[in-house]
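Lettering of chains follows the sequences in order, A, B, ..., and the numbering in each one begins at 1. Just the heavy atoms: all of them, side chains too, but no hydrogens, waters or symmetry mates, feed the values below.
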Amino acid sequence: MLKTHSCGELNKEHVGREVTLAGWVDRRRDHGGLTFIDLRDSNGVAQVVFNPAISKSCHQIASEMRNEYVVSVSGEVTLRPPGTENLKLPSGEIEVIAQQTTILNPSKTPPFYINEEVEVDENLRLKYRYLDLRRKRMLNNLILRDKVVTFFRNFLHERGFIEVETPILIKSTPEGARDYLVPSRLYPGNFYALPQSPQILKQLLMVAGIEKYFQIAKCFRDEDSRADRQPEHTQLDIEMSFVDENDILSLAEELFSQLIEKVTPGKRILKPFPRINYREAMEKYGSDKPDLRFGMEMRDFTDIAARTDFSVFKKIVADGGRVKGICAPGCSGYTRTQLEELNQFVKGYGAGGLLTFALGSDSGNSKDLTLDMVKSVASKYMTLEQIEEMARRVEANLGDLLLVVAGKPKIVDKALGELRREMGSRLKMADPDLLAFVFITNFPLFAWDEDTKRWEPEHHPFTSPAPEDINKLESDPGKVRARMYDIVCNGMELASGSIRIHTPELQRRIFRLLGYTDEDIMLKFGTMIEAFEYGAPPHGGIAPGVDRIVMILAGEQTIREVMAFPKNQGAIDMMLEAPSPAREEQLKELHLSLREES
RNA sequence: GGCCCCGUGGUGUAGCGGUCUAACAUGCCACCCUGUCACGGUGGAGAUCAGGGGUUCAAAUCCCCUCGGGGUCGCCA
């Protein structure tokens with residue numbers, strides 16, 4: 001090693017020792033006759049003193065040092081003179097008196113600050129990610145991520161799980177997201193696909209008798225990116241044999257509870273994790289990933305709306321629509337501009353508009369409400385009783401603002417659910433120290449796809465239907481519930497899993513329902529079906545998203561901040577400049593020619 | 001593909017029709033400085049205001065288009 005100690009570890013214990021440090025110049029303070037350097041390495045920072053009275057040549061060399069130069073320093077660890085200690089630094093009571101120093105490698109002036117926390121244009125950071133990662137915040141995120149992954153491995157190993165790697169070059173399957181394809185050199189016109197998840201492989205491991213499997217697995221999906229989505233992400237992939245829903249959920253609950261306790265003990269969690277079924281989540285929160293850090297639940301006003309003289313309401317109800325609302329506490333004073341902003345907000349989710357009821361200007365009990373205190377375009381078509389009834393359902397008081405959306409049920413839930421989330425964040429209703437984990441259960445097995453006019457799996461086609469609903473599979477597929485569950489935290493889907501189908505008959509039945517011919521089934525999923533004919537055990541699993549978990553624990557707004565080398569929203573690696581054109585020889589070898597885009 | 005937001009020295013911001021020959025902080029360069037720690041002081045260099053077009057006597061500023069970035073809807077079993 002070119003060093004005997006790391007900068008961060010030095011303290012009073014080391015006083016009197018001769019040490020050699022090596023790292024980056026974090027800051028130089030040149031007093032002319034005396035120069036200080038904050039030397040930084042992956043462990044922390046230590047102050048080095050260059051005193052010409054100790055070593056004239058060292059002092060000379062120090063005058064050439066600049067930020068981010070890589071240097072090594074040898075010298076004695078001494079206590080700082082009284083009154084010059086720096087309590088902000090763990091090594092602040094000591095300093096190293098340079099007796100020998102070398103510039104190992106100079107550095108150009110970095111394109112942005114390494115030693116200060118300032119927001120920098122993200123593409124610039126991504127282009128120079130290797131510099132960006134030198135910043136404290138990024139280093140801490142990588143350290144946190146390592147702690148999380150290490151915890152997962154230990155936790156599962158202690159419970160008898162074994163980690164199995166599965167291949168990255170696999171077969172394209174028709175279900176789900178767009179695949180990343182890899183052309184085959186040996187077989188012209190044939191392609192591998194990168195796994196969207198190791199789903200089929202882990203189920204085959206169950207057939208293999210592994211019983212308790214996990215993997216820190218890379219997953220690839222060629223879909224548009226978001227703050228919480230990337231072309232490639234990492235899952236903690238878990239699968240177990242001879243289990244039911246409860247076994248998986250209690251394992252997951254234990255996993256996350258202990259993780260939080262160990263890694264971010266300052267955070268509170270709800271324990272036990274609440275379990276909400278899909279229907280209830282959609283009813284109350286308009287979302288299958290509700291943020292439970294605050295209430296503001298949605299209530300149904302459809303029956304009230306039907307009784308009013310408000311033609312907008314009546315028409316929507318007559319057409320099979322619904323009317324639902326939430327209460328924004330203390331917001332009755334919202335200006336026209338603010339209300340219009342919220343109106344535009346719900347329109348963005350397909351709603352026709354937002355109807356608001358400002359309940360008086362003062363705070364107080366809603367029993368004191370009178371009709372002239374209500375400000376709303378709809379109030380003249382409604383009775384006081386009707387408005388009071390709405391207020392009562394959402395537990396509104398004087399001074400509150402009712403936010404009501406009417407329209408097609410799906411759109412109402414989506415728009416009002418997003419509005420709830422928006423108001424929660426505007427009114428800062430979420431406790432920042434709370435991690436509101438919740439299980440969402442009893443998802444429907446299928447969702448009707450209007451575009452393809454087909455039933456599509458809500459999760460994936462390997463999810464087992466609830467036993468009591470199996471007889472409805474063909475007759476009423478929309479009513480069939482799935483043995484599926486999600487883990488949601490603070491409004492983000494953190495994990496998804498299910499008990500799987502393990503008999504060939506049922507698996508075939510599901511595929512047929514999804515519109516596959518028997519020939520298709522054998523062509524595309526033949527391996528799976530055949531494997532199920534050789535004694536497949538009942539099994540199920542779950543797959544938490546590692547990037548999202550770390551993002552939440554780190555308090556970051558995007559998963560890019562917790563990935564070492566992420567891609568930008570356009571799926572471009574700014575640092576490596578990928579994707580990039582292939583050379584003609586490469587294309588030829590792969591039997592590919594490029595198509596002219598029209 | 002739709003919608004919203006953003007683009008001014010290396011970095012972060014101000015300026016939002018004329019006083020901009022573009023300001024401030026920091027960084028950079030030079031010199032001074034022996035106890036600083038976001039050291040201090042003096043001086044200096046550094047910006048075709050993303051690009052193009054238009055409106056105007058006059059555009060960083062208003063309008064249009066393009067490009068780039070972010071957020072989001074669609075999409076993501």
Roughly how many Å is it from [atom1] in [X] to [atom2] in [N], rounded to a whole number?
| X | N | atom1 | atom2 | answer |
| --- | --- | --- | --- | --- |
| A:F345 | B:G71 | CZ | C1' | 12 Å |
| A:D222 | B:C75 | CG | P | 16 Å |
| A:N115 | B:G27 | CG | P | 9 Å |
| A:R28 | B:C28 | CZ | C1' | 12 Å |
| A:L124 | B:A50 | CG | C1' | 15 Å |

- Item | pi-stack flag for A:H31 and B:U36, centroid dist under 5.5 Å, interplanar under 30° | no

- Message: Are B:U11 and A:F112 stacked, with the base six-membered ring and the side-chain ring centres under 5.5 Å apart and planes under 30°?
- Response: no

Quick check on [N]: is either OP1 or OP2 less than 4.0 Å from any side-chain nitrogen or oxygen of [X]?
| X | N | answer |
| --- | --- | --- |
| A:R66 | B:C29 | yes |
| A:K108 | B:G10 | no |
| A:R226 | B:C73 | yes |
| A:R29 | B:C39 | yes |
| A:N568 | B:G69 | yes |
| A:R27 | B:C39 | yes |
| A:Q569 | B:G71 | yes |

Determine whether more than 12 heavy atoms belonging to other residues, nucleotides or ligands lie under 6.0 Å from atom [atom1] of [X].
| X | atom1 | value |
| --- | --- | --- |
| A:E577 | CD | no |
| A:R279 | CZ | no |
| A:K472 | NZ | yes |

Paired with [N] by Watson-Crick or G-U wobble geometry, both distances under 3.5 Å: which nucleotide is it?
| N | result |
| --- | --- |
| B:C3 | B:G71 |
| B:C37 | none |
| B:A58 | none |

- Message: Heavy-atom nearest nucleotide on RNA chain B for A:E122 versus A:E458: which residue maps closer to 5'?
- Response: A:E122

- Query: For RNA chain B, whose closest nucleotide is more 5', that of A:V118 or that of A:G92?
  - Reply: A:V118

- Message: What's the gap between B:A50 and B:G9 when it is taken at their C1' atoms, as a whole Å value?
- Response: 14 Å

- Message: Check A:D518 with A:R508, please: is the shortest side-chain N to carboxylate O separation under 4.0 Å?
- Response: no

- Message: Taking the basic N atoms (NZ, or NE/NH1/NH2) and the acidic carboxylate oxygens, is any pair closer than 4.0 Å for A:E519 and A:K524?
- Response: no

- Message: What I want to check is whether an N or O donor and acceptor connect the side chain of A:E116 with the base of B:U11 at under 3.5 Å.
- Response: no

- Query: For the side-chain hydrogen bond (donor to acceptor under 3.5 Å, both in side chains) test, which of A:H539, A:E239, A:Q507 pairs with A:R500?
  - Reply: A:E239

- Out of B:C37, B:C73, B:U36, minimum distance to the side chain of A:E95 belongs to B:U36

